[in-house]
J.: 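Before I ask anything, here is the structure I am working with.
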Amino acid sequence: MKLLVTGGLGFIGSNFIRYWLSRHPSDVVVNLDKVTYAANPENLADIKNNYTFVQGDILDVELLDKILPRTDLIVHFAAESHVDRSIDDPLLFVKTNVLGTYTLLSAAKKYGNIRFHHISTDEVFGSIPLDSTAQFSESTPYDPSSPYSASKASSDHFVRAFGKTFGLPITITNCSNNYGPFQHPEKLIPRMITNLIDGQKIPVYGAGQNFRDWLYVNDHCSAIEAVIQKGKLGETYCVGGLKETSRNIDLVKKVIKLMGKSDDQIEFVADRPAHDNYAVSWDKILTELGWEPQETLESGLQKTVDWYLTHESWWRSAKTEAEAFYKKLNDYKNLKK
Ligand code: NAD
Ligand code: DAU
């Protein structure tokens with residue numbers, strides 16, 4: 001089978017390509033990635049067989065015309081993925097996540113309705129109240145809070161519309177927060193680990209009471225594989241990693257303990273606007289496709305901490321860029337006070 005993976009130099013896309021080729025060594029993967037700040041060519045530097053990298057934009061119709069005639073399956077990861085950056089520059093999220101997905105869908109339709117799997121997020125469902133134990137499921141109405149989640153919600157609607165209107169063979173996964181190796185240090189878990197390595201404080205937004213459902217990235221890859229192989233066309237599957245969510249403050253303390261540091265490293269800072277809480281029911285993918293996560297939060301965090309401790313050359317320059325971004329965002333917030 002010939003796959004086009006978009007955004008395959010980012011965090012989840014690169015883990016997915018590595019996962020897929022290790023389990024399907026006779027398949028051929030083309031990785032189309034624009035190489036934004038979030039990409040790192042080192043992620044797949046050791047992958048040589050049945051793999052081609054093309055630097056380019058999912059909005060480039062002429063480039064898609066060259067790649068798609070030889071494609072059986074599109075796995076679409078490419079996106080602007082960071083909520084805090086969507087507060088800074090929402091239009092970029094509309095361009096990449098909405099127009100980019102639309103452009104890819106149109107090309108998939110043009111070349112004989114290519115099978116299309118879309119990677120989406122639990123953020124499209126909005127927020128669960130702080131004192132509630134409710135969970136999102138496939139039937140939860142969309143209610144996005146940030147420009148990022150609004151752009152992902154819009155992309156999901158276009159994917160379903162192409163399925164219904166044009167018969168494009170689509171599936172969607174809406175997953176919770178991923179973590180693991182190769183995640184950009186702008187995101188909470190790698191930011192915490194690398195701050196602790198650098199002897200810096202960990203900035204916890206608000207009172208740290210917001211909660212998430214953490215999913216180890218390899219478990220996400222196996223969920224995508226299950227949906228590609230056994231999922232019903234036109235369907236959506238929610239993917240989560242935990243049975244009970246974790247409040248940010250508890251997660252931060254777990255990482256501090258794993259790294260042998262003190263809770264004095266915690267610094268409470270101004271909250272993110274429209275700060276959501278997420279919890280995902282993964283009953284449907286378990287019942288229908290037999291998928292469940294293999295990693296516990298403890299085992300996944302240990303692997304992640306170990307990876308960042310031994311890969312400083314991978315994360316150092318990305319961290320410098322990320323912290324410059326946060327400084328700019330904070331200066332802007334202070335100006336508005
Ligand atoms: P990431 O930011 O690490 O990587 C995104 C990749 O897309 C980068 O390599 C970037 O260069 C590429 N890209 C961006 N714009 C592009 C364009 N116009 N054309 C081609 N390539 C482009 O993202 P991630 O965390 O790996 O997330 C991947 C996907 O999974 C996204 O669609 C995201 O919305 C979704 N998702 C992520 C999480 C998470 O916790 N990280 C959870 C749920 C869903
Ligand atoms: O739920 C899925 C989503 O998870 C994905 O769709 C997004 O692409 C991905 O970035 C992630 O979004 P979050 O906003 O949940 O991730 P982030 O790592 O930015 O933040 C996780 C939580 O930690 C959130 O409650 C905000 C908080 N936080 C984050 C940072 C970076 C802090 O308290 N301090 C921080 O420095």
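The analysis underlying the following values was restricted to heavy atoms, covering all of them including side chains, and did not include hydrogens, waters or symmetry mates. For ligands, and for the atoms within them, numbers begin at 1 and follow the listed sequence.
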J.: Which of these, Gln209, Glu123, Arg85, has its nearest heavy atom closest to atom 3 (C) of ligand 2?
T.: Glu123
J.: Just to verify, which of Asn210, Thr245, Asp213 counts as forming a side-chain contact (heavy atoms from CB on, under 4.5 Å) with Asn277?
T.: Asn210
J.: Students should be able to answer this: which protein heavy-atom is nearest to atom 33 (O) of ligand 2, and at what distance?
T.: Tyr205 N, 2.8 Å
J.: Test the Arg85-Tyr37 pair against the cation-pi criterion, namely NZ or CZ under 6.0 angstrom from the six-membered ring centroid and within 45° of the ring axis.
T.: yes
J.: Geometry only, no angles: is Trp214 polar-contacting ligand 2 at N/O separations under 3.5 Å?
T.: no
J.: Does the N or O separation between Tyr326 and ligand 2 drop below 3.5 Å for any pair?
T.: no
J.: Going by the atom numbers of ligand 2, which of them fall below 4.0 Å from some non-hydrogen atom of Asp122?
T.: 1 (O), 2 (C)
J.: For the pair Tyr326 and His82, name the ring-plane relationship: parallel under 30°, tilted 30 to 60°, perpendicular over 60°.
T.: perpendicular
J.: Count the heavy atoms belonging to other residues, nucleotides or ligands that lie under 6.0 Å from CD of Gln229, then report whether that count exceeds 12.
T.: yes
J.: Check the orientation of Trp307 and Phe182. Use parallel for under 30°, tilted for 30 to 60°, and perpendicular for over 60°.
T.: tilted
J.: Under 4.0 Å from any heavy atom of Val204, which atoms of ligand 2 are there?
T.: 33 (O)
J.: How close does the nearest protein non-hydrogen atom get to atom 23 (O) of ligand 2, and which residue and atom is it?
T.: Leu188 CD2, 3.2 Å
J.: For atom 19 (O) of ligand 2, find the nearest protein heavy atom and state the residue, atom name and distance (0.1 Å precision).
T.: Arg272 NH2, 2.9 Å
J.: Between Val83 and ligand 2, which part of the residue brings a heavy atom under 4.0 Å of the ligand: side chain, backbone, both or neither?
T.: side chain
J.: What does the contact table look like for ligand 1 (nitrogen or oxygen on each side, cut-off under 3.5 Å)?
T.:
unit_1: ligand 1; atom_1: 2 (O); unit_2: Ser81; atom_2: OG; d: 2.7
unit_1: ligand 1; atom_1: 3 (O); unit_2: Phe11; atom_2: N; d: 3.0
unit_1: ligand 1; atom_1: 9 (O); unit_2: Gly10; atom_2: N; d: 3.0
unit_1: ligand 1; atom_1: 9 (O); unit_2: Asp33; atom_2: OD1; d: 3.3
unit_1: ligand 1; atom_1: 9 (O); unit_2: Asp33; atom_2: OD2; d: 2.5
unit_1: ligand 1; atom_1: 11 (O); unit_2: Asp33; atom_2: OD1; d: 2.5
unit_1: ligand 1; atom_1: 11 (O); unit_2: Val35; atom_2: N; d: 3.4
unit_1: ligand 1; atom_1: 11 (O); unit_2: Thr36; atom_2: N; d: 3.0
unit_1: ligand 1; atom_1: 11 (O); unit_2: Thr36; atom_2: OG1; d: 3.1
unit_1: ligand 1; atom_1: 18 (N); unit_2: Asp57; atom_2: OD1; d: 2.9
unit_1: ligand 1; atom_1: 19 (N); unit_2: Ile58; atom_2: N; d: 3.0
unit_1: ligand 1; atom_1: 21 (N); unit_2: Lys34; atom_2: N; d: 3.0
unit_1: ligand 1; atom_1: 23 (O); unit_2: Ser81; atom_2: OG; d: 3.3
unit_1: ligand 1; atom_1: 26 (O); unit_2: Phe11; atom_2: N; d: 3.3
unit_1: ligand 1; atom_1: 26 (O); unit_2: Ile12; atom_2: N; d: 2.8
unit_1: ligand 1; atom_1: 32 (O); unit_2: Phe77; atom_2: O; d: 2.8
unit_1: ligand 1; atom_1: 32 (O); unit_2: Lys152; atom_2: NZ; d: 2.6
unit_1: ligand 1; atom_1: 34 (O); unit_2: Tyr148; atom_2: OH; d: 2.6
unit_1: ligand 1; atom_1: 34 (O); unit_2: Lys152; atom_2: NZ; d: 3.1
unit_1: ligand 1; atom_1: 40 (O); unit_2: Asn178; atom_2: N; d: 2.8

J.: Is any N or O atom of Cys175, backbone or side chain, closer than 3.5 Å to an N or O atom of ligand 2?
T.: no
J.: Please determine if Ser176 has a nitrogen or oxygen closer than 3.5 Å to a nitrogen or oxygen of ligand 2.
T.: no
J.: For Phe77 and Phe16, take the angle between the two ring planes, folded into 0 to 90°, and tell me which bin it lands in: parallel under 30, tilted 30 to 60, perpendicular over 60.
T.: tilted
J.: Report, in ascending order of atom number, the atoms of ligand 2 lying under 4.0 Å from any heavy atom of His82.
T.: 19 (O)
J.: Below 3.5 Å, N or O to N or O, backbone or side chain included: is there any such pair between Ser81 and ligand 2?
T.: yes
J.: I'd like to know whether ligand 2 has Met192 as a neighbour, heavy-atom separation below 4.0 Å.
T.: no
J.: Would you call Asp57 and Lys95 a salt bridge, using N to O less than 4.0 angstrom?
T.: no
J.: Is there a polar contact, in the sense of an N or O pair closer than 3.5 Å, between Asn210 and ligand 2?
T.: no
J.: Hey, are Asp84 and Tyr205 close enough side-chain-wise for a donor-acceptor pair under 3.5 Å?
T.: yes
J.: Check contact between Tyr148 and ligand 2, using heavy atoms of the residue and a distance below 4.0 angstrom.
T.: yes
J.: List the atom of Leu32, the atom of Leu64, and the distance in Å for their closest heavy-atom pair.
T.: CD2-CD2, 3.7 Å
J.: Can you list the residues that meet the side-chain contact (heavy atoms from CB on, under 4.5 Å) rule with Glu295, with sequence neighbours excluded?
T.: Tyr216, Asp219, Ser299, Lys303
J.: Under 3.5 Å between any N/O of Pro203 and any N/O of ligand 2: does that happen in this structure?
T.: yes
J.: Does only the side chain of Arg191 get under 4.0 Å from ligand 2, or the backbone, or both, or neither? Count heavy atoms.
T.: side chain
J.: Which ligand 2 atoms does Thr121 reach within 4.0 Å, using its non-hydrogen atoms?
T.: 1 (O), 2 (C), 3 (C), 5 (C), 6 (O)
J.: Is there a heavy atom in Glu186 that sits closer than 4.0 Å to ligand 2?
T.: yes
J.: Which ligand 2 atoms, with their elements, are less than 4.0 angstrom from a heavy-atom of Asn248?
T.: 22 (C), 23 (O), 24 (C), 25 (O), 27 (C)
J.: Report the nearest protein non-hydrogen atom to atom 16 (O) of ligand 2: residue, atom name, distance rounded to 0.1 Å.
T.: Asn177 ND2, 3.4 Å
J.: Suppose we measure from atom 24 (C) of ligand 2 to each protein heavy atom; which comes out shortest, and what is that distance?
T.: Arg212 NH2, 3.2 Å
